[in-house]
Number of protein chains: 2
Amino acid sequence: MAATLHDVADLAGVSFKTVSNVVNGHPHVRPATREKVERAIAELDYRPNLTARGLRKGRTGAIALAVPELNLSYFAELASFVIAAAERSGLVTLVEQTGGDRDRELALLRSPRLRMTDGLILSPLGMRQEDADALDVPFPLVLLGEPVFDWPSDHVSMRNAEAARAATEYLIASGRRRIAVIGEYEDEVFGSARARLRGYREALEAHGIGYDGRIVAHATLWHRADGARAMRELLDRGAPFDAVFGFNDTLALGAMRVLQEAGLRVPEDVAVLGFDDLDEAAYAIPSLTTVDPGREWIGRTAVETLLERIGGGRDAAPATRLADFSIVERESAPRG
Amino acid sequence: MAATLHDVADLAGVSFKTVSNVVNGHPHVRPATREKVERAIAELDYRPNLTARGLRKGRTGAIALAVPELNLSYFAELASFVIAAAERSGLVTLVEQTGGDRDRELALLRSPRLRMTDGLILSPLGMRQEDADALDVPFPLVLLGEPVFDWPSDHVSMRNAEAARAATEYLIASGRRRIAVIGEYEDEVFGSARARLRGYREALEAHGIGYDGRIVAHATLWHRADGARAMRELLDRGAPFDAVFGFNDTLALGAMRVLQEAGLRVPEDVAVLGFDDLDEAAYAIPSLTTVDPGREWIGRTAVETLLERIGGGRDAAPATRLADFSIVERESAPRG
DNA sequence: ATGTCCGTTTGCATCGTTGTACGATCGTGA
DNA sequence: TCACGATCGTACAACGATGCAAACGGACAT
């Protein structure tokens with residue numbers, strides 16, 4: 001169907017190898033020949049078969065990105081950055097969704113679906129420490145998220161605990177004392193939720209505020225609906241709070257919606273602080289104070305790290321790279 | 001590095017083709033042999049090289065999806081559905097971002113980047129009628145969006161004009177007469193913006209309401225920031241309006257934010273109606289009345305259509321498939 | 001005229017897999 | 001014991017490209 005090197009060669013009256021040389025910009029090709037070949041290429045609308053090239057070269061020029069769901073805005077924005085960074089390096093990106101499900105994450109690592117790519121950027125959510133062996137894969141792998149696996153692999157993440165601590169201290173500095181949390185996730189032994197909870201507790205402790213489990217609400221996947229549900233639960237429990245720290249923006253936004261349905265004013269009655277600095281956060285009503293986790297840097301760095309691993313040493317020591325964060329002040333939680 | 005059929009064959013003491021037969025579930029393999037081979041596969045952690053398989057079979061098992069940006073929630077949610085549908089069919093999805101840029105869309109259609117995939121689902125935004133020739137590509141192609149290209153290709157879309165008309169009539173029925181629009185896009189001769197504007201005008205006309213260009217605001221890419229900018233422009237122009245129809249939800253949400261900054265109440269002073277029914281719309285404050293365009297159906301159907309084209313006739317007549325829409329009533333624009 | 005050299009072009013093997021055609025082996029019935 | 005299907009396994013040739021090494025041809029020096 002589609003034209004091959006041979007077809008072009010026949011038309012141009014040269015050997016197919018010469019066509020290959022032209023296509024690859026090989027230096028020693030006579031201008032006249034080159035032009036002849038290029039005309040034939042144009043006429044037949046020849047495009048190299050990347051599958052064949054990939055087989056021969058051992059590199060496909062594609063990488064895979066696996067995230068829980070593109071529905072979650074954080075991952076959509078992250079994917080956007082990863083794809084853009086990959087494109088700048090001439091790579092295409094294949095996107096997988098794991099649903100944050102442990103089995104699907106494990107299956108992905110073992111399946112041959114990825115044998116078409118040169119490497120994987122994985123944002124694990126359901127895996128546990130005991131699954132660390134599964135990370136011993138025969139292709140380059142970069143992990144996103146809190147690096148607590150006991151396995152030597154490349155990580156790109158942010159200072160989750162420090163950021164959560166800073167966010168909590170921000171709320172404390174603004175005069176809040178009863179700070180509720182949404183997004184705790186007890187099963188997740190290694191992830192961001194755990195690290196953020198740790199940061200939260202450190203901040204409380206540093207300021208002599210006791211930890212009260214009644215104002216800490218659970219959420220597994222971090223959709224708006226989960227934030228809303230968690231907030232209803234907090235309200236039902238009846239323990240008072242004057243601020244809410246959502247472990248991500250969608251949780252915070254879902255919670256903010258329920259607060260306002262309940263007739264509570266944000267920030268007067270309850271301050272709300274999120275995490276991620278989604279585009280959406282700046283346009284919410286009220287606009288959402290949140291932690292900017294350096295998403296763009298994370299996406300870009302993940303691709304760079306993967307590329308280093310693909311290109312160079314299999315055996316260079318695995319690195320952990322951490323993004324800088326900052327707190328973005330907006331209406332939902334004004335600075336003190 | 002990674003194990004091949006040959007390695008497995010050596011270990012199992014059979015020919016490499018027998019291993020291939022086992023891997024492919026070929027019927028006539030003695031159970032004893034099969035088991036021997038499977039043990040060797042497990043021991044070597046063999047995974048078929050999909051690149052080689054793709055070359056041999058002429059199918060790679062991957063499709064490409066090209067959207068303007070994953071940053072735009074509509075496309076993120078659409079991509080999520082497409083990837084999920086593809087996965088159910090055993091396909092992986094490669095995601096490209098065009099930025100809605102004409103040149104990049106054209107480049108994508110011509111580049112060899114896609115020769116690694118079995119087909120493409122493209123959501124064009126910058127291309128124009130004169131570029132229709134570029135759609136004559138040597139691989140299966142399904143277009144998303146308003147089907148106005150004068151070129152026979154498969155299309156999956158929705159009834160943009162009807163939906164916009166229904167939305168406008170909804171606002172009219174609720175008592176609004178001065179209905180502003182955000183998202184008009186004059187350069188786009190074929191796309192959703194044009195069709196939605198047509199539906200809007202039809203509704204006005206049907207109810208004897210004059211079209212007033214002063215309350216129609218332009219936007220190219222449909223981010224929240226564009227909606228906010230457009231709303232500021234509308235307010236500056238000073239022409240009165242009692243409703244705003246955003247051509248998508250992010251535009252509407254950006255506009256709603258600016259309305260409230262300007263001290264206008266939604267929906268009392270100005271009703272707001274969006275388009276897309278993003279997850280976000282239900283949690284906005286106030287929640288956003290919007291058009292549900294059947295995104296999930298669109299994503300699923302696009303994959304199905306592409307698969308039919310890949311599998312079967314190159315020459316079956318191109319089909320246009322349209323999703324059903326519905327209007328979701330929420331707080332920002334209550335029914336009359 | 002011949003040999004050398006360099007720029008240019010070509011042929012062959014190869015990447016890991018599957019399809020086709022055929023050869024080997026087994027169990028069965030005469 | 002032998003012939004014969006049925007069953008199982010193997011050899012070989014692709015798929016379309018690249019890397020290597022050798023062949024070609026003309027220009028130049030000798």
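Chain naming here is simple, since letters A, B, ... match the order of the sequence lines and numbering starts at 1 in each.
Using a 4.0 Å heavy-atom cutoff across all strands shown, A/T51 reaches no nucleic acid atom at all. Contacts of A/N24 with the nucleic acid, taken as non-hydrogen atoms under 4.0 Å apart, involve only primed sugar atoms and P, OP1 or OP2. Heavy atoms of B/H6 sit under 4.0 angstrom from at least one base atom. In this structure, A/T4 reaches the sugar-phosphate backbone alone: every heavy-atom distance under 4.0 Å involves primed, P, OP1 or OP2 atoms, never a base. B/V23 comes within 4.0 angstrom of no nucleic acid atom, judged by non-hydrogen atoms across all strands. As judged by a 4.0 angstrom heavy-atom cut-off over every strand, B/P48 is placed among residues touching the sugar-phosphate backbone only.
A/H223 and A/E69 share a donor-acceptor pair across their side chains, judged by distance under 3.5 Å alone. A donor-acceptor pair shorter than 3.5 Å can be found between the side chains of A/N160 and A/E146.
Remark: side-chain polar atoms of A/E96 are not paired, donor with acceptor, to backbone N or O of A/A64 under 3.5 angstrom. A donor-acceptor contact shorter than 3.5 Å links the side chain of A/T60 to the backbone of A/M116.
With contacts defined as side-chain heavy-atom distances shorter than 4.5 Å, the pair A/L114/A/F139 qualifies. Here the side chains of A/E87 and B/R104 are in contact, with some heavy-atom distance below 4.5 Å.
Looking at B/R53, its side chain has no donor and acceptor atom pair within 3.5 Å of the base of C/dT17.
Between B/R34 atom CZ and D/dT7 atom C1' there is a gap of 13 Å when expressed in whole angstrom units. Taking atom CG of B/D7 as the reference point, atom P of C/dC15 lies 11 Å away to the nearest angstrom. Here the C1' atom of nucleotide C/dT10 and the NE2 atom of A/H26 are 11 Å apart, to the nearest Å. Across the protein-nucleic acid pair, B/N49 atom CG and C/dT14 atom P stand 18 Å apart, rounded to whole Å. For the pair B/D10 CG and D/dT10 C1', the computed distance is 14 Å after rounding to whole Å. Between B/M116 atom CE and D/dC15 atom C1' the separation is 17 Å, expressed in whole Å. Atom CZ of B/R59 and atom P of D/dA14 are 22 Å apart (whole Å).
If you check C/dG16, D/dG9, D/dC20 against the side chain of A/K17, the one that comes closest is D/dC20. Counting only heavy atoms from C-beta on, B/R56 has its side chain closest to C/dT18 among C/dT18, D/dC20, C/dT9. Side-chain atoms of A/N21 lie closest to C/dT10 of the nucleotides D/dA17, C/dT10, D/dG9.
Mapping A/V29 and A/F16 onto DNA chain C via the closest heavy atom, the residue that lands nearer the 5' end is A/V29. Ranked by how close their nearest DNA chain C nucleotide is to the 5' end, B/L55 and B/R30 are led by B/L55.
Taking only side-chain nitrogens and oxygens, B/S15 never comes nearer than 4.0 Å to OP1 or OP2 of D/dG9. For the OP1/OP2 pair of D/dG9 and a distance below 4.0 Å, the side-chain nitrogens and oxygens of B/T33 include at least one atom meeting the criterion. Residue B/T18 places at least one side-chain N or O closer than 4.0 Å to OP1 or OP2 of D/dT10.
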